[in-house]
Enquirer: 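The structure under discussion is supplied below as structure tokens; questions concerning it will follow.
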2 protein chains.
Amino acid sequence: MNDKVKEDVYPSMTVADSQNEVRAVNTVAIGAQLKAIRTKNKLTLEEASKRTGLARSTLSKIENEQISPTFTVMQKLATGLDIELPQLFTKPQAIQATGRRDVTLAGQGRSHLTSTYEHELLATQISNKKMMPYKSRVHARSFDDFGEWVRHQGEEYLLVLDGEVQLLTEFYEPVNLAAGDSVYYDATMGHLVVSVSEEDALILWVTAK
Amino acid sequence: MNDKVKEDVYPSMTVADSQNEVRAVNTVAIGAQLKAIRTKNKLTLEEASKRTGLARSTLSKIENEQISPTFTVMQKLATGLDIELPQLFTKPQAIQATGRRDVTLAGQGRSHLTSTYEHELLATQISNKKMMPYKSRVHARSFDDFGEWVRHQGEEYLLVLDGEVQLLTEFYEPVNLAAGDSVYYDATMGHLVVSVSEEDALILWVTAK
DNA sequence: GAACAAAGTTTCCTATTGGAAACTTTTATG
DNA sequence: CATAAAAGTTTCCAATAGGAAACTTTGTTC
């Protein structure tokens, strides 16, 4: 399982931090990678040659690890094959949630309480994931319930599921959001959400570092 | 690969693809980058040479853009200087949605239609974002409406907003999800969502590469 | 299963990289 | 500001990358 400790600070901060660990780029044989990309796109060496401006023989040799391409050549490969350069030596996707699936039925998430929010953490069975989704019931009614801005690494997506909230941010005017409305923002910018409806509002939050 | 063709085929692929552009790694002169890294670490060419196992002269020439290093050399640079390889040709990786915020009111997203889904793309004003949120009305009723698995880079979070759907995945038993239920999964694993309620179901999808 | 075409590999050669050492520039020190 | 040491650059050459064309393998058609 994932985070045990910092759970108590700012929930969303916890959330973001729990993802800190990963993201190392383990480089991999460039030849196999290139061949995989080319064949996946159903290109012959000849066609790849045309697109990249490199000789057929050169491509063959790279694919068979007979030579180590120069950076210049790698750039030609990337632009010619319309891929990002790191794709040439990066595993298709470092193991994050590989082949995994985690269902969270309504109300079955792991709950986490603070004075301002009541969080229901979702998909907690999968660690190392890129996104951290959770539903929150918003108790807070004003900035003062927090005392200061909430701020943390990453980006956040927020969808109002029920009720109406107001999103306060450091650089923008407050904005009211009703059920169905959503907002995407940089979480390093001070932000908080308060409820402005009769009952506490319910929102979905997804954070990514 | 650049075939714009599949636009109509796999909706989520389309969506994922639309992030490809955004995530663009604009490569940058490798020499200046290397020099910046070396000097920032207060290393002389001699010291850098020791660490990387490359000749002083080679380093000098790379820094001055007199030669284009081979991939092998780039790997030695990365391991020797204890950096990630892409750092050699990638700008410091600025924060993506820095200080930005994008509100999407209910029903105001950019729509995108396919035979199986009706997508409403959200937060389209912010480019370069880590997550791609969209609401989808699910028309599909069976696997055959797709013909084959949907598969793409990244991870996906799915929350059922209305109705009931069935999530079919390559490695798991199908699972039924009603409003409020959600699931997180590796999108490289074949997956699709079909509606099992009277009317088309409405879901929220958030993808991260 | 010939005969041919298409895709992929290897050879051969030229151009360029990478290392050792000579050379130049910068910095430190009296 | 002369001198020495350290840092950086350039030269020279051997090793290797990259391109053109020959060659081999795989696939297609009759």
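Chain letters run A, B, ... following the sequence lines, proteins first and then strands; every chain starts at 1.
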Enquirer: Do Val183(A) and Val175(A) make a side-chain contact, defined as non-hydrogen atoms from C-beta onward lying under 4.5 Å apart?
Expert: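 When only atoms from C-beta onward are counted, Val175(A) and Val183(A) do not touch, as no gap falls below 4.5 Å.
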
Enquirer: Quickly work out the Lys35(B) NZ to dA7(D) C1' distance and round it to whole Å.
Expert: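 Rounded to the whole Å, the gap is 11 Å.
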
Enquirer: Measure from CD1 on Ile30(B) to P on dT17(C) and round the result to the nearest Å.
Expert: 12 Å

Enquirer: With Arg100(B) as reference, evaluate Phe171(A), Tyr184(A), Tyr172(A), Tyr185(A) under the side chain to side chain contact (heavy atoms under 4.5 Å, CB included) test and give the passing residue.
Expert: Tyr172(A)

Enquirer: Quick one: Glu63(B) CD to dA7(D) C1', roughly how many Å, whole number?
Expert: 12 Å

Enquirer: Taking the side chain as every heavy atom from C-beta outward, state whether Phe89(A) and Gln75(B) have any atom pair closer than 4.5 Å.
Expert: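 No. Closest side-chain heavy atoms not under 4.5 Å.
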
Enquirer: Can you build the contact string for nucleotides 14-21 of chain D? Use B for base contact, S for sugar-phosphate-only contact, and - for no protein heavy atom under 4.0 Å.
Expert: ---SBBBB

Enquirer: Which whole-number value in Å describes the distance from Glu65(B) CD to dT10(D) P?
Expert: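 It works out to 14 Å between those atoms.
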
Enquirer: For the residue pair His152(B) and His191(B), categorise the inter-ring angle as parallel (less than 30°), tilted (30 to 60°) or perpendicular (more than 60°).
Expert: perpendicular

Enquirer: By nearest nucleotide on DNA chain C, pick out whichever of Phe71(B) and Glu46(A) is the more 5' one.
Expert: Glu46(A)

Enquirer: Can a salt bridge be assigned to the pair Asp186(B) and Lys129(A) using a cut-off of 4.0 Å between side-chain N and carboxylate O?
Expert: no

Enquirer: Provide, to the nearest angstrom, the distance between the CG atom belonging to Leu59(B) and the P atom belonging to dG8(D).
Expert: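 Leu59(B) atom CG is separated from dG8(D) atom P by 10 Å.
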
Enquirer: What's the angle between the local helix axes at either end of the helix from dG1(C)-dC30(D) to dG30(C)-dC1(D), using five pairs per end and rounding to 10 degrees?
Expert: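 About 30° separates the two local helix axes.
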
Enquirer: Heavy atoms from C-beta onward define the side chain here; which of dT9(D), dA7(D), dT9(C) lies closest to that of Asn64(B)?
Expert: dT9(D)

Enquirer: Could you tell me whether Glu47(B) and Arg51(B) make a salt bridge, using a distance below 4.0 angstrom between a side-chain N and a carboxylate O?
Expert: no

Enquirer: If the condition is side-chain hydrogen bond (donor to acceptor under 3.5 Å, both in side chains), which residues does Gln125(B) pass it with, not counting sequence neighbours?
Expert: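 side-chain hydrogen bond (donor to acceptor under 3.5 Å, both in side chains) list for Gln125(B), sorted by chain: empty.
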
Enquirer: Parallel, tilted or perpendicular: which describes the rings of His119(A) and Tyr134(A), with under 30° parallel and over 60° perpendicular?
Expert: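 If you compare the ring of His119(A) with that of Tyr134(A), the planes turn out perpendicular.
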
Enquirer: Quick one: label Ser60(B) by what it contacts on the DNA or RNA (base, sugar-phosphate, nothing), any heavy atom closer than 4.0 Å.
Expert: base

Enquirer: Is there side-chain contact between Leu161(B) and Leu161(A), with heavy atoms separated by less than 4.5 Å?
Expert: yes

